[in-house]
Asks: 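Quick one: this structure, given as structure tokens, is what I'll be asking you about.
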Amino acid sequence: MPTSQGLLYARHVEDRCAQLDRLLGELGYDTLLIHSGRPEMRLFDDQAPPFRAHAAFVSWVPQPFAEDCLLELRAGRKPRLWFHQPRDYWHVAPEPPASWWAETLDVAIVKTAAEWESCFRQQTALAVIGRERDLGTLLQGADLNPAALVAGLSEMRTTKTAWERECMSQANDIAAAAHLAAAAAFEADASELEIHLAYLAAAGQDQDHLPYNSIVALNENGAVLHYQHRSARRPEQMLSFLIDAGADRHGYAADITRTWTQPENRDFDDLIEAMDRAQLRLCDQVRAGVSFIDLHRQAHLAVAAVLEQAELVNMSPDAMVESGVSSYFFPHGLGHFIGAQVHDVAGQVDAKGRALPPPEAYPFLRLTRDLAPGNVLTIEPGLYFIPMLLDQLKASGFSDKINWPQVHRLQPFGGVRIEDDVLVTEGDAVNFTRQAFARLEG
Ligand code: GLY
Ligand code: MN
Ligand code: MN
């Protein structure tokens with residue numbers, strides 16, 4: 001009896017096969033081969049960064065860490081997976097395929113990648129997804145990563161199947177529990193490194209298995225948007241804590257940010273509360289047909305309203321957004337698609353693959369589409385005190401509108417970001433992240 005997990009996965013593959021058959025027909029290909037990837041050693045070194053399979057592969061096969069596998073897709077045929085299980089006494093060999101997913105595919109276990117190389121020789125109209133350095137010598141007339149096919153495959157991934165939604169909901173459950181463990185470690189005055197380790201232990205996932213490098217930032221480090229260190233030193237004063245960390249479920253990502261402080265830090269606590277309310281109102285606006293560029297502008301208005309209410313900036317929200325002053329405090333995009341990649345594909349093209357560049361005022365906006373049912377995306381407004389941008393603001397014509405004493409008082413707290421993963425529907429969005437936290441609160 002297939003498990004419900006197995007059933008969801010089987011339907012996912014069935015749906016994707018139907019879509020792919022149409023796409024291959026339109027583009028005139030008989031067969032598509034998708035490589036999972038191969039670790040790449042550092043230059044003049046025998047060490048490689050942690051391996052993760054290409055998301056184009058993971059969106060078909062729930063094996064995000066499987067090296068050198070090949071998926072063979074032909075119209076009307078069960079997908080065939082050439083599953084690489086090397087004889088290797090240096091490493092643990094990959095687990096044999098579990099029946100819940102392997103039954104949906106035609107799995108052939110191979111001991112060396114050379115055993116699937118014949119796939120490249122038998123076709124006339126063959127397309128391949130992979131890297132030139134891994135497959136280049138095999139191509140012999142096959143098309144590697146043809147743009148129209150890559151665009152079609154990416155477009156398919158913008159509408160998440162029930163299987164993918166379930167994976168992402170479960171990834172949020174894992175990450176939310178780990179966020180609470182991290183918050184408890186912050187309460188106990190732990191260092192960034194200690195908090196990070198508490199997060200990993202609660203998630204039951206090592207950093208190499210997470211979908212992105214966790215951002216674990218105490219105090220002013222919260223103002224570094226992609227803060228990459230985890231200091232082992234406990235700061236003298238624990239003012240604030242920003243954590244942006246996710247989890248993996250069968251290759252699908254959660255991407256969650258929370259910001260914490262102690263209640264006695266009244267002004268910063270109020271700022272977190274205000275940003276949380278603003279973030280929830282933005283989530284409420286997520287639905288089919290909404291332009292994400294418009295929603296990003298709404299986010300600027302919302303952050304500007306927080307800045308005005310907190311008496312940090314003496315301008316109306318409209319004037320702050322119009323003049324660009326809000327961008328000094330909120331200098332990144334409101335969100336992005338998420339799926340088998342944390343920043344998932346096709347955020348800046350329309351359904352026909354035509355480019356949708358971000359507006360000039362918001363060059364870092366990764367998602368510029370109108371939202372459609374089945375899209376999953378993040379909503380992550382932020383408000384930061386970033387020294388470099390504050391210097392620029394001071395030198396701008398708006399310096400006299402800024403309550404500098406209060407800005408400088410809050411600067412050691414870094415900043416606030418609140419980030420959830422939400423599913424677009426025709427009605428209210430489904431907020432995987434808030435649901436996960438609510439389940440934990442019982
Ligand atoms: N964690 C990266 C991001 O929020 O986009
Ligand atoms: Mn994000
Ligand atoms: Mn994030």
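Values below: all heavy atoms of this structure, side chains included; hydrogens, waters and symmetry mates excluded. Keep in mind it's a predicted model, so treat the numbers as computed, not measured. Both ligands and their constituent atoms are indexed starting at 1 by order of listing.
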Asks: Going by salt bridge (charged side-chain N to carboxylate O under 4.0 Å, His left out), name the pairs with one or both residues in residues 5-17, residues two or more places apart or in two chains.
Replies: R16-E164
Asks: Distances only, to 0.1 Å: what are the N or O pairs between ligand 1 and the protein that fall under 3.5 Å?
Replies:
residue, atom, partner, partner atom, Å
ligand 1, 1 (N), D244, OD1, 3.1
ligand 1, 1 (N), D244, OD2, 3.0
ligand 1, 1 (N), D255, OD1, 3.2
ligand 1, 4 (O), D244, OD2, 3.2
ligand 1, 4 (O), D255, OD1, 3.4
ligand 1, 4 (O), D255, OD2, 3.2
ligand 1, 4 (O), E380, OE1, 3.0
ligand 1, 4 (O), E380, OE2, 3.4
ligand 1, 4 (O), E419, OE1, 3.3
ligand 1, 4 (O), E419, OE2, 3.1
ligand 1, 5 (O), H336, NE2, 3.1
ligand 1, 5 (O), H343, NE2, 2.7

Asks: Applying salt bridge (charged side-chain N to carboxylate O under 4.0 Å, His left out), which residue pairs with at least one partner in residues 166-185 are found, sequence neighbours left out?
Replies: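 Of all non-adjacent pairs touching residues 166-185, those that pass salt bridge (charged side-chain N to carboxylate O under 4.0 Å, His left out) are D173-R439.
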Asks: Mind telling me whether H229 and Y227 have parallel, tilted or perpendicular rings, with 30° and 60° as the class edges?
Replies: perpendicular
Asks: Would you indicate whether the side-chain heavy atoms of T257 and L242 approach each other to under 4.5 Å?
Replies: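 SC-SC contact between L242 and T257 confirmed.
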Asks: Hey, is CZ on R266 packed in by over 12 heavy atoms from elsewhere, all under 6.0 Å?
Replies: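 Atom CZ in R266 is not packed in, count stays at 12 or less.
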Asks: Do the rings of W100 and W163 sit parallel, tilted or perpendicular, given the 30° and 60° boundaries?
Replies: tilted
Asks: With 2.8 Å as the limit, jot down which protein N, O or S atoms are around the Mn ion (ligand 3).
Replies: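 Protein N/O/S atoms under 2.8 Å of the Mn ion (ligand 3): D244 OD1, D244 OD2, D255 OD1, E419 OE1.
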Asks: Does the separation of the ring centres of H296 and Y362 fall below 6.0 angstrom?
Replies: yes
Asks: Does the ring center of F186 lie less than 6.0 Å from the ring center of H179?
Replies: no
Asks: For residues F330 and H300, establish whether the separation of their ring centroids is below 6.0 Å.
Replies: yes
Asks: Only one of L371, V430, V376 passes side chain to side chain contact (heavy atoms under 4.5 Å, CB included) with V424; say which it is.
Replies: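 Going through L371, V430, V376 one by one, the side chain to side chain contact (heavy atoms under 4.5 Å, CB included) with V424 is satisfied by L371 alone.
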Asks: Could you confirm whether H336 has any N/O/S atom lying under 2.8 Å from the Mn ion (ligand 2)?
Replies: yes
